[in-house]
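Structure, as structure tokens:
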Amino acid sequence: MSVKILNKEVLSDFSGVRVVRMVLEAPEISRKSAAGQFIVLMVSEEGERIPLTVVESNAAAGTVTIIFQEAGLTTRLLGKLNTGGSLYALVGPLGHATEIKNYGRVILVGGGVGIAEIYPVAKALKSAGNDVTTILGARTKELLILEKELKSASSQFHIATDDGTYGRKGFVTEILKECLEGGKYDLVYAVGPIPMMQRVSEMAGKFGVKVIVSLNALMIDATGMCGCCRVVVDGKTKFSCVDGPEFEGSKVDWKGLDKRNRIYADKEKHICNLKLR
Ligand code: FES
């Protein structure tokens with residue numbers, strides 16, 4: 001049964017980077033989905049399956065919202081669909097939900113399209129009584145997403161852009177360091193590019209603060225059967241889809257994850273050239 005696209009909105013479109021928000025009709029998933037979980041979708045019957053975080057779920061409306069950057073073939077094909085259209089299939093919610101409780105003072109760090117993934121966690125942590133500090137990072141102002149939404153879920157709010165076009169010029173880790181130097185925090189939660197999550201994990205580790213990251217491992221079945229999403233955590237092999245997607249950042253083998261995530265990069269480029277010409 002196909003899945004209806006109830007709304008599509010381009011959040012940013014700058015310098016070849018397009019980030020899109022879609023609201024999908026998915027009543028059963030919307031009733032069960034919690035912060036930190038993801039869905040797997042297929043754009044067409046012949047297409048690949050890709051995981052995307054559930055950014056918002058609305059049980060009353062029977063909808064889930066996803067946000068994605070058009071990067072590979074499937075996200076680009078997904079980005080071509082419009083409001084009123086449909087995609088082939090959707091399954092979820094998958095993965096463990098974020099452990100939501102009153103930790104005390106938490107810092108959320110989002111980089112690039114990873115900002116979309118920290119949004120549901122920020123809302124849930126705030127509702128649980130946490131004091132939420134949010135640090136957002138983007139290459140440039142035009143690529144910053146969900147600023148208003150995350151600001152309203154945070155007590156303290158910071159922005160860094162690589163080129164200094166908005167907020168502080170520099171990296172999220174510089175702001176994170178200043179926050180950690182300035183007070184006691186109980187948890188850091190980070191989602192973004194692998195180098196960013198690695199640096200955030202190292203920085204939080206220096207201050208003895210636990211850090212949780214949500215990994216963007218490659219997936220196929222997303223049910224723990226294919227082994228595609230394996231990642232080494234604390235010296236043990238874990239499957240990101242069923243054991244994660246969240247892990248303690250200080251225990252992740254970042255080098256191994258980065259290498260696995262690049263494994264199909266050349267093939268992806270080739271197939272995009274063939275199919276999107
Ligand atoms: Fe196959 Fe996780 S995607 S085991």
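Just so you know, ligand 1 is whichever comes first in the structure, and atom 1 is the first atom listed for that ligand.
Test Arg199, Glu202, Met197 against Trp254 for side chain to side chain contact (heavy atoms under 4.5 Å, CB included) and you get one pass: Met197.
When all heavy atoms are compared, the tightest approach of Phe239 to Phe247 is O-CZ, 4.2 Å. In plain terms, the two heavy atoms of Ala128 and Ile100 that are nearest each other are CB-CG2, 3.7 Å.
In Glu178, the CD atom is crowded: over 12 heavy atoms of neighbouring residues, nucleotides or ligands sit closer than 6.0 Å.
For residues 146-157, every residue pair satisfying the side-chain hydrogen bond (donor to acceptor under 3.5 Å, both in side chains) rule, not counting sequence neighbours, is listed here: Asp131-Ser155, Thr133-Gln156, Thr134-Ser154, Glu147-Tyr166.
Shown are the protein N/O/S atoms under 2.8 Å from atom 1 (Fe) of ligand 1, given by residue and atom: Asp221 OD1, Cys226 SG.
Tracing side-chain contacts under 4.5 Å through hydrophobic residues (I, L, V, M, F, W, Y), one never reaches Val40 starting from Ile66; they form parts of separate clusters.
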